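Some notes on the structure that comes next.
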Amino acid sequence: MQAHQARDLDTAERLYGEVLELRAAQPDALHYLGVLMHQRDRSDEAVRLIQTALKITPKHPDAHNNLGNIHKECGRLAEAEVCYRRALECGPSHYNALSNLAFVLEVQERPDEAFETYTQLLREAPTFAHGQYMMGLFLRNFAQNVEHIEQSIECFREAYRLDARNVRALEGLGVSLYTLGRHDEAREVYRDWLQREPNNPIPRHMLASTGGADIPPRADEAYVRNVFDGFADSFDEQLLKNLDYRAPEVLADALGSVLPAADGSLDVLDAGCGTGLCAPLLRARARTLVGVDLSGGMIEKARARGGYDELVVAELTAYLQAHPAAYDVVISADTLIYFGDLAPVLEAAHGALRPGGWLTFTLEVLEGEGDRYELSSSGRYQHTRDHTQAVVEAAGFEHITIGMDMLRKEHGKIVSGWVVLARRGGNDMR
């Protein structure tokens, strides 16, 4: 277990195996080996091991909770709910199981039950900082009136008071304040944070997003890396919570409208691959599938998910510039939303494509006319349709289509995006 906690999975797996050779039915070794197998993307094996442990110690709340976590992270929400309820039957004060139950109820769009469960959690564990943070997010995501946003502010303040390492609570606090039109207070949160941590790129970027500093042409590399390295372990879960995340499927459908049958003949770049959600949608078309991302944490998650021939930690524009005429397809799901000025990265993508190659990507919609973009209070950039059309044309692409679709839900609202498909001229694509 010490090796496991130190993330030395090879040693931990070997030692769990030695325990089980000495005593085949040792339930803790079965349980924690199951957790390790899930970490290694062998989730079916993980489920079998923990279920075996529970046959031996059926009233073990931690094992029920961890089995629920595996089901949750595999998208089996109903099975996860059953496990969390069993954990609470065995240990009514198991606040991690209570927190997880509230989460899966929320994701299953059962907000009344989720609210009751979050309320119970905070009543039983008022000093559980993560519970305060989760309640803050819930109140903002499902807000039906101003009071709910105000309550989210108090939850974020309390979460940070209880755990000053949880800087995401400060980010949540700033966003909620900005949502209520309390712009000066939001900027003050980020200024105070930046004063305490002058080298932290997150408050610097968020201060700009609320109008407290000059807007950069793109998000600083350190900001993106910091956010997504810290986000890697919970990224898929948060997308699940941000209900109906659809960007990978929307882009795969766009490509399907112009590409021939999926015959495994194309060299494909997943530009900003994150945890690898696009891989299963692209694999059948790809002779080679390469993923590139600025976040090493995200790359590790993509490696565990599998499906790529190569994964690279790199800044996207520089990577594209270093690989001229290397790809038949470049796909970028919710990555260019961290670029305000799209010209450099789109010119680099044009150069990285072979003649006849296709680029497809998503942006967040900025309503209105005119050639412009803005940095929103979320820390992401939004672009008008006119600007998007102009910059894609200027990069040298042709056969450009720009449609609007729902990319996900966030804070209880639909996030609309531009779905862009464009072709590099020529006829040499395989």
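Source: prediction; values computed, not measured. Quick note: numbers below take in every heavy atom, side chains included, and nothing from hydrogens, waters or symmetry partners. Position 1 is the first residue of the sequence; numbering continues from there.
Without hydrogens or angle criteria, Thr335 side chain to Ser332 main chain gives no donor-acceptor distance under 3.5 Å. For the pair His383 (side chain) and Asp371 (backbone), a donor-acceptor distance under 3.5 Å is absent. Side chain of Arg246 to backbone of Met406: a donor-acceptor contact under 3.5 angstrom is found. At distances below 3.5 Å, at least one donor-acceptor pair connects side-chain atoms of Arg305 with backbone N or O atoms of Thr275. Using modelled atom types, no side-chain atom of Arg187 and backbone atom of Gly211 make a donor-acceptor pair closer than 3.5 Å. Under a 3.5 Å cut-off, the side chain of Arg182 and the backbone N or O of Thr179 do not form any donor-acceptor pair. Between the side chain of Thr210 and the main chain of Leu207, a donor-acceptor pair closer than 3.5 Å is present. Between the His205 side chain and the Gly379 main chain, a donor and an acceptor come within less than 3.5 Å of each other.
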Go through the steps for Asp263 and Ser265 under the test side chain to side chain donor-acceptor pair (under 3.5 Å), then give the verdict. CA-CA 6 Å; Asp263 59 359; Ser265 65; 2.7 Å; yes
Evaluate the side chain to side chain contact (heavy atoms under 4.5 Å, CB included) criterion for residues Leu177 and Val189: first the C-alpha distance (whole Å), next the side-chain angles of each, then the deciding distance (0.1 Å), finally the verdict. CA-CA 9 Å; Leu177 287 167; Val189 167; 3.7 Å; yes
Do Leu88 and Leu98 pass the side chain to side chain contact (heavy atoms under 4.5 Å, CB included) test, and can you show the C-alpha distance, the side-chain angles, and the key distance before you say yes or no? CA-CA 7 Å; Leu88 290 167; Leu98 200 55; 3.7 Å; yes
Checking side chain to side chain contact (heavy atoms under 4.5 Å, CB included) for the pair His350/Arg424: CA distance, chi angles, key distance, verdict? CA-CA 6 Å; His350 186 273; Arg424 175 171 176 166; 3.6 Å; yes
Would His38 and Glu45 count as a side chain to side chain donor-acceptor pair (under 3.5 Å) if you check the C-alpha gap in whole Å, the side-chain angles of each, and the deciding distance to 0.1 Å? CA-CA 8 Å; His38 176 62; Glu45 188 175 350; over 6 Å; no
Walk me through it: do Leu346 and Leu359 pass the test side chain to side chain contact (heavy atoms under 4.5 Å, CB included)? CA-CA 9 Å; Leu346 292 183; Leu359 168 70; 3.8 Å; yes
Arg283 vs Asp270, salt bridge (charged side-chain N to carboxylate O under 4.0 Å, His left out): CA-CA, chis, key distance, verdict: CA-CA 11 Å; Arg283 185 67 260 180; Asp270 186 356; over 6 Å; no
In sequence, state the C-alpha distance, the side-chain angles, and the governing distance for Glu106 and Arg110, and then conclude on salt bridge (charged side-chain N to carboxylate O under 4.0 Å, His left out). CA-CA 5 Å; Glu106 179 181 349; Arg110 293 154 62 184; over 6 Å; no
Yes or no on side chain to side chain donor-acceptor pair (under 3.5 Å) for His71 and Arg76, after CA distance, side-chain angles and deciding distance? CA-CA 5 Å; His71 285 308; Arg76 300 187 289 264; 2.9 Å; yes
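No more than 12 heavy atoms of other residues, nucleotides or ligands lie within 6.0 Å of CG in Asp214, so this atom counts as exposed by the packing criterion.
Heavy-atom minimum distance, Cys278 versus Pro248: SG-CB, 3.7 Å. Minimum interatomic distance between Leu36 and Ala12 (heavy atoms only, all atoms of both residues): CD1-CB, 3.6 Å. Listed here is the closest heavy atom pair of His130 and Ser99: CD2-OG, 4.2 Å. Heavy atoms only, all atoms of each residue included: Asn65 and Ala97 are closest at OD1-CA, 3.3 Å. Nearest heavy atom pair, residue Leu294 against residue Val313, reads O-CG1, 3.7 Å. In this structure, His387 and Gly340 approach most closely via the heavy-atom pair NE2-O, 4.2 Å.
Between Arg287 and Asp328 there is no salt bridge, since none of the side-chain N atoms of the basic residue sits less than 4.0 Å from a carboxylate O of the acidic one. A salt bridge links Glu315 with Arg218: the closest approach of a Lys/Arg side-chain nitrogen to an acidic carboxylate oxygen falls below 4.0 angstrom. Using a 4.0 Å cut-off between charged nitrogen and carboxylate oxygen, Glu300 and Arg303 count as a salt-bridge pair. Arg40 has a carboxylate O that lies under 4.0 Å from a charged side-chain N of Glu13, or vice versa, which qualifies the two as a salt bridge. The pair Glu18-Arg14 meets the salt-bridge criterion, with a side-chain N (NZ, NE, NH1 or NH2) lying under 4.0 Å from an Asp/Glu carboxylate O. We find that Lys301 and Asp293 are not joined by a salt bridge, their nearest charged nitrogen and carboxylate oxygen being 4.0 Å or further apart. Between Glu197 and Arg204, none of the side-chain N atoms (NZ, or NE/NH1/NH2) sits under 4.0 Å from a carboxylate O, so this pair counts as no salt bridge.
For Arg140 and Ser176, the side-chain atoms include at least one donor-acceptor pair closer than 3.5 Å. A donor-acceptor pair shorter than 3.5 Å cannot be found between the side chains of Glu367 and Gln382.
For the atom pair Leu139 CG and Phe156 CZ, the distance stands at 8.5 Å (nearest 0.5 Å). A distance of 10.0 Å separates OH of Tyr16 from CG of Leu20, quoted to the nearest 0.5 Å. In this structure, CG in Leu67 is found 3.5 Å from SG in Cys83, a value given to the nearest 0.5 Å. One finds the CZ atom of Arg423 at 5.0 Å from the NE2 atom of His399 (value rounded to the nearest 0.5 Å). Atom CG in Leu49 sits 12.5 Å away from atom CG in Asn66 (nearest 0.5 Å). The CG atom of Asp28 sits 5.0 Å away from atom NE2 of His60, with the distance rounded to the nearest 0.5 Å.
Contact annotation: the side chain of Trp418 never approaches that of Thr362 to less than 4.5 Å [non-hydrogen atoms, C-beta and beyond]. Two residues are said to be in side-chain contact when any heavy atoms from C-beta on lie closer than 4.5 Å; Val329 and Arg285 fail this criterion. Counting heavy atoms from C-beta on, the side chains of Tyr381 and Leu342 never come closer than 4.5 Å. Within the 4.5 Å cutoff, no side-chain heavy atoms of Val290 are placed close to those of Tyr308. In this structure, the side chains of Leu421 and Ile400 stay at 4.5 Å or more apart for every pair of heavy atoms. By the 4.5 Å heavy-atom criterion applied to side chains, Val419 and Ile402 are not counted as neighbours. Taking 4.5 Å as the limit, some side-chain heavy atom of Leu336 sits within range of a side-chain heavy atom of Leu316. Side-chain contact between Met1 and Tyr32 is present, with at least one heavy-atom pair separated by less than 4.5 Å.
Classification of the Tyr178-His183 ring pair by plane angle, with boundaries at 30° and 60°, yields parallel. A tilted orientation is assigned to the rings of Tyr327 and His323, their planes being inclined by 30° to 60°. Taking the six-membered ring for Trp and thresholds of 30 and 60 degrees, Phe138 and Tyr118 have ring planes inclined between 30 and 60 degrees apart.
Checked options Asn96, Leu105, Asn69; the residue passing with Tyr84 is Asn69 (criterion: side-chain contact (heavy atoms from CB on, under 4.5 Å)).
Taking the six-membered ring for Trp, Phe128 and Tyr133 have ring centres at least 6.0 Å apart.
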